[in-house]
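Heads up, the thing below is written out as structure tokens.
Please read all numbers here as calculations on a predicted model, not as lab measurements. Order of the sequence lines fixes the chain letters, A, B, ..., with proteins taken first and strands second; residue numbering starts at 1 for each chain.
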Amino acid sequence: MTGDRIEVRGLTKAYEGADPLRPALHDVDLEIPRGRFVSLIGPSGCGKSTLLRVVAGLERHDTGTVSVFGSTPERMAAAKAVGLVPQSPALLPWQNVRRNVSLPSRVNRRAGRGSEDPDLLLRMVGLEDAARKYPHELSGGMRQRVAIARAFGIRPDLLLMDEPFSALDEFTREALQLQLLGLWERMSTTVLFVTHSVREAVTLSDTVVVMSARPGRVHEVLDVDLPRPRDRGVVTGPRLHVLEDRVRASLQTAWEAGAAPDDLVPL
Amino acid sequence: MTGDRIEVRGLTKAYEGADPLRPALHDVDLEIPRGRFVSLIGPSGCGKSTLLRVVAGLERHDTGTVSVFGSTPERMAAAKAVGLVPQSPALLPWQNVRRNVSLPSRVNRRAGRGSEDPDLLLRMVGLEDAARKYPHELSGGMRQRVAIARAFGIRPDLLLMDEPFSALDEFTREALQLQLLGLWERMSTTVLFVTHSVREAVTLSDTVVVMSARPGRVHEVLDVDLPRPRDRGVVTGPRLHVLEDRVRASLQTAWEAGAAPDDLVPL
Amino acid sequence: MATQTPARPRPDREEGPRGAAPRVRRRLFGIGLWMPATVAVLLCGLAWTAVAEDQPYLLPPLREVGTVLVEDPGLFLGNAWSTLRIALLGVSFGAGTAFVLSLVMSEVPVVRRAIMPLAVVLNVTPVVALAPALVVAFGFGMAPKVIVTAIITFFPVLINMTTGLRSVPVPVLHVFSTLHASRLEVLLRLRVPSSLPYALAALRVVFPLSIVGAVVAEFVAAGSSSGLGTMIRTSAATARLEYVYAAIACLAAMGVLMLALITVLERRLLFWHESQQ
Amino acid sequence: MATQTPARPRPDREEGPRGAAPRVRRRLFGIGLWMPATVAVLLCGLAWTAVAEDQPYLLPPLREVGTVLVEDPGLFLGNAWSTLRIALLGVSFGAGTAFVLSLVMSEVPVVRRAIMPLAVVLNVTPVVALAPALVVAFGFGMAPKVIVTAIITFFPVLINMTTGLRSVPVPVLHVFSTLHASRLEVLLRLRVPSSLPYALAALRVVFPLSIVGAVVAEFVAAGSSSGLGTMIRTSAATARLEYVYAAIACLAAMGVLMLALITVLERRLLFWHESQQ
Amino acid sequence: GEEATEEPADVATVIDEERCETNRAAGPVTYITGYQYQASVSILEAVAADALGFFDAVCLDVEIQPGTGDTIGNSQLVSAGTAHFTSLGNEAEVLQANDAGHDVIGISTYGHVPIATLLTGTGIEELGDLEGTTLGHKGMLPAPLEAMLVADGVDMDAIEIVEVGYDPSVLPRDQVQALTGFRSNEPFLLADMDEEYNEWLPEDYGVVGSFGVMATHPEWAQENPTVVEDYLRAIAQAFSYCQENGEECVGYAADLAESGYDVDHNLRVWNAEHELVTSSTPDDAPPGYIDLNLTEAEGETLVDNGQLDELPDLEPLFDPRYLEAVHVATEVSWPAE
Ligand SMILES: Nc1ncnc2c1ncn2[C@@H]1O[C@H](COP(=O)(O)OP(=O)(O)OP(=O)(O)O)[C@@H](O)[C@H]1O
Ligand SMILES: Nc1ncnc2c1ncn2[C@@H]1O[C@H](COP(=O)(O)OP(=O)(O)OP(=O)(O)O)[C@@H](O)[C@H]1O
Ligand SMILES: [Mg+2]
Ligand SMILES: [Mg+2]
């Protein structure tokens, strides 16, 4: 039965105008049971964002199939069940923070999903003071937080986050990770999470998918069998470090597989 | 003598239209001797980017003085001695990667500074394959690397980097950190480096400046008395971990000082 | 809940970040704004006077133009109002239709492909040639003149809006897609606001253009007995140049006023756009 | 404000990322492009015929228009070339001057404040009123007509460029500032390319406008013995409507061609812009 | 407006050497037509004179420029020296041009009846019926027509006067009940449309008028009297030639008009106009003669309807001497013939 998972089979995608021998994604297979928290990690340019966009139904692919909980990505979106945090915050510059956050509740009302109170969302990401500011008056991290709050607001079935915490300091990041885990647990959301932080991938996920570049493909899928909730004890324990090291090692081989021999020369 | 350092004294800046009681920067004092590698770290929205822009002479300030090696930020720029990596990559969308990287060599030629070979720069950041791509065909991390290569290219006296590695995976990041240190050592560049990674701040810098928010101010200045070069032995050693923990502790107090009590509520 | 001072659009920021103390500039603001225009106008006045002395049948002495204006302001006001009404009605119809059409065209490519060539045909058809037919169809009233003005103002808005509606950042479009925003929602909540800088540039073009349109309409459409265009025409026919140029002065004043209005509008609507930073 | 724009310039992507297989659409591409326009033109033709039968004074039978065109294509080609030459010269001068002025104005606020009101005055002055004076000043040649066309095409370019030159992302400006790029370099390397979408929208407006300008110029400037405008005028006076509309058809063809050209230009110059994604 | 299609009409020089030199020394002479290359009296002759080599025969290098129909504009061009001769619609326009500050004088007047005509539907049986109806004109109600209406006791305030375009079909479509026109133009166009109409002629109401006036700059004429004389000489010669050979002359005009030409219609215009000239010229006067008495009467109509404040001194505004100098009795002196 495919109704309870995201299934990507033999996915290949080359961007138009790019070298067709080095597609952005090559023969990617991936299976994500409903309710899982899956991290994507891999070298820069390996196709993580592309994969996310394909799963969200935002990008055509060349061959292969993508099904999301037994339906197409498009139909998922129709139910307003997908929350997206793109790599760039993608805010509406002419609306203030509060209206940006409450945007989903004003769009596609017929999907009939309730949405969170924007003020609560802003408190969640520590921006209640900035509610009336406009995007051009925000710092980079603040913009990212607005995008996160916006995605949280629709209580999505599937949450696609592309490096959502990259511009945040460790403590804000940690606080938001907790918020994210809370949301995930309460709503049994499925999360596909792109990150560059091995530690973040391991502390948050059930599964870490390591990708490699040129062409973009799945290098290794690692299960994180740590108990939940991931409280301080778990997060600082030795098992975590072992896992971290395994992911890092996998990432290193992925990185070396993708990097051409003379890729990184010292100047 | 102020000729051999960057001096910021009593710097206060409030953006127009924002609450004047909570300026973006409040009474900031900072001294950076020439040739130092200084990291700025602090909660999101504490004014790191603003401080960087003021030092670069890109933003007016209300009170206080800023002098860069005994001259004004503007005169530094006139000598094309400042390399800037802004928080957003800020590439020219109509030029390909190679031309974006070689932009500094085409601009302000009368400053008469030589500049690096763009192909070498692209190899440095692992983008020689993407030389003919346009920014809209790049991944987020690739764009960031283009911006880094561009800033390296002018062999600046002062390098201002605003979270330059935030969108890069650990290994690419590490490789570029090495490149950066190499550049810094060879050219005795002064580096002001904004990061959210405590580990990055400690491994790279001579000094870590911890800032706190609301209003943005200097919370603590920590010296990193680790030997150079920071090879593997140093970087994995226990002294580093102690320092990391000190910075993290400082950052935590800074974060708590800035965060309003009810800032981050669980949803 | 802490209430924050809302960040508002800022009036004057030409000189970039490195400027003198802002306070001083504020003081000079008024002078800086009006001086250059005044000087330019004065210079033109001088040049005018020189030519007028040399070739009186080309340009009337400025003094006479002034006299005419001062002696019977009512005459000019009345005719100006008559022309302005046509201009405003015309630009409302023309720009309005263009706006709506551009929305439809941006959504339905077939419509775009069908309409664009027709719009071009309409645009290159000299209205002067159409005017008689319009009078036949709509009689001697204001209608044909309003239509001529509407035709003239239609195209710039259509073109600018078409470009503007397409100028949307892809990531934001993606967010709307995942929300499964309807095409209408994407249009109204994303494309239309994104196109505002283009729309306002178009308005800057077509508001003055509407005045020209109204004047030309008065020239060519049958049944014009009032309006500055009629005045220019009849005065030119009897070589009463001072009236011609007095009327042109009124037209110019109307145009400058309209542009000032749009600038104010722009400041309020586009405070978020990079062109205002 | 970094707008991230993935994806290459693709020729035909109206339907968003979720479309059918691209190959099939490629095949239909040609038809899809021409069909709607053809249908629209056919429909207009039918409407025309209906009106023409009813009111032969208003519209001549289409057949007659066609006959006239077919019988003496040389006549129309010659006159079209004559008008086109004026239009192209006029738009080069008008748009060129506007381009240069907009550069100067964007750099020197004083110049902007001095010139903008004069530009508005020029823009609202009905050129029809100016034409006789221009003939006196410049003789019977092409000059006065080119000037009239230039005046008409000047303003839209000036306005769009002024907006376009200001639409620069702040972070990129900052990079140029730290390089201490001269104002000229910022202008040429940053502002001008950034303004291209606006410039091309302006060209789309003013190229067809230049044709109207040339026609109107032929109407009002003495010494016009050739050109489609003259043809429209003299044929209308002798009620030879089939010539009037055949001439208008030529004008329309010229306008559509110009627009197609600009579309091609846009594809080549703006592949990087979000409006082309 | 270049010397297109120069016919190989090798007319020998008809004036003596010295005069020829004087004319040549004056350089190119520009004539701006009243309205395009319309085959009206005073326009067609110039076109024909050029094509037939009559100008060459008097050693003149004449450049013909098509006018736009804007007579004030034309007189402005003459006044500014951009052009040297122009055709004005009637003598009243000479007065108006001078009133407007343009320096032009009339040197010949071919038609001595108003060419303006009032066309009405067949329902209008007397001018009084126009009260309460709409009258269409093309820019300005011609003075002779207004004089005609006033002379017939029509209450002008009771007529709605509107400007209409060039399209005469507004009359049969009943958008206007009366339409001003030229005797040589609109009646033919309406006839082409198979429409019935009534035509009202001002002279039937005792209103005088004129058409086909050649004008030039007074000072320039004084400096170049032989040029003006010989110009009129060639025109006069062309007039008599085209009376016989209308089709040929209209053909020359058609050659000049690069943007299409309605030969048949223009031939009708020419025929109508030159017949009016002949019928309005007394047997003892040459075509083009100037009669200041008639001019004065015409001027009065302008004063009456307010287009002129007062009648100026007519003497300096018309100079018949140039025409007279090249005529022997009523015949143009053209020695080669
Ligand atoms: N152009 C602006 N107008 C008004 N306020 C601004 C502007 N830019 C920044 N601010 C405000 O100034 C404060 C500091 O912003 P800044 O960008 O310097 O933060 P930062 O330390 O770089 O944060 P981050 O780590 O999130 O990038 C923030 O509160 C922000 O809202
Ligand atoms: N719109 C596009 N057109 C052409 N090529 C593209 C486009 N978007 C991405 N690519 C290419 O596809 C590859 C994968 O890009 P993608 O953005 O998916 O990488 P990523 O894994 O998200 O990298 P990063 O960690 O740097 O964000 C890259 O080589 C990139 O150059
Ligand atoms: Mg990415
Ligand atoms: Mg920042």
Checklist entry - Tell me, side chain or backbone of B:Q87 under 4.5 Å from chain A's heavy atoms, or both, or neither? => result side chain
Next on the checklist: Counting neighbours of CZ on B:R132 that are heavy atoms of other residues, nucleotides or ligands and sit closer than 6.0 Å, is the number greater than 12?
Outcome noted: no
Checklist entry - Side chain, backbone, both or neither: which part of A:T50 has an atom under 4.5 Å from a heavy atom of chain B? => result neither
Next on the checklist: Name the residue from A:L251, A:L25, A:V194 that meets the side-chain contact (heavy atoms from CB on, under 4.5 Å) definition with A:M211.
Outcome noted: A:L25
Item to check | Which atoms of B:S44 approach chain A - backbone, side chain, both or neither, heavy atom under 4.5 Å | outcome: both
Checklist entry - Out of A:G182, A:G42, A:P43, which one racks up the most heavy-atom pairs below 4.5 Å with chain B? => result A:P43
Item to check | Top contributor to chain A contacts, counting heavy-atom pairs under 4.5 Å, from B:S197, B:S139, B:A167 | outcome: B:A167
Item to check | Backbone of A:E137 reached by a side-chain donor or acceptor of A:R143 within 3.5 Å | outcome: no
Next on the checklist: Heavy-atom count check: over 12 atoms from other residues, nucleotides or ligands less than 6.0 Å from A:H26 NE2?
Outcome noted: no
Checklist entry - side chain to side chain donor-acceptor pair (under 3.5 Å) between B:H196 and B:S166: does it pass, once the steps are laid out? => result CA-CA 8 Å; B:H196 283 308; B:S166 64; over 6 Å; no
Checklist entry - In terms of heavy-atom proximity below 4.5 Å to chain A, should B:E170 be classed as side chain, backbone, both, or neither? => result both
Next on the checklist: Quick one, A:W255 with B:T172, criterion side chain to side chain donor-acceptor pair (under 3.5 Å). Give me CA distance, side-chain angles, the key distance, then yes/no.
Outcome noted: CA-CA 8 Å; A:W255 190 72; B:T172 309; 3.0 Å; yes
Checklist entry - Between A:Q144, A:R173, A:R248, which shows the greatest number of heavy-atom pairs under 4.5 Å with chain B? => result A:R248
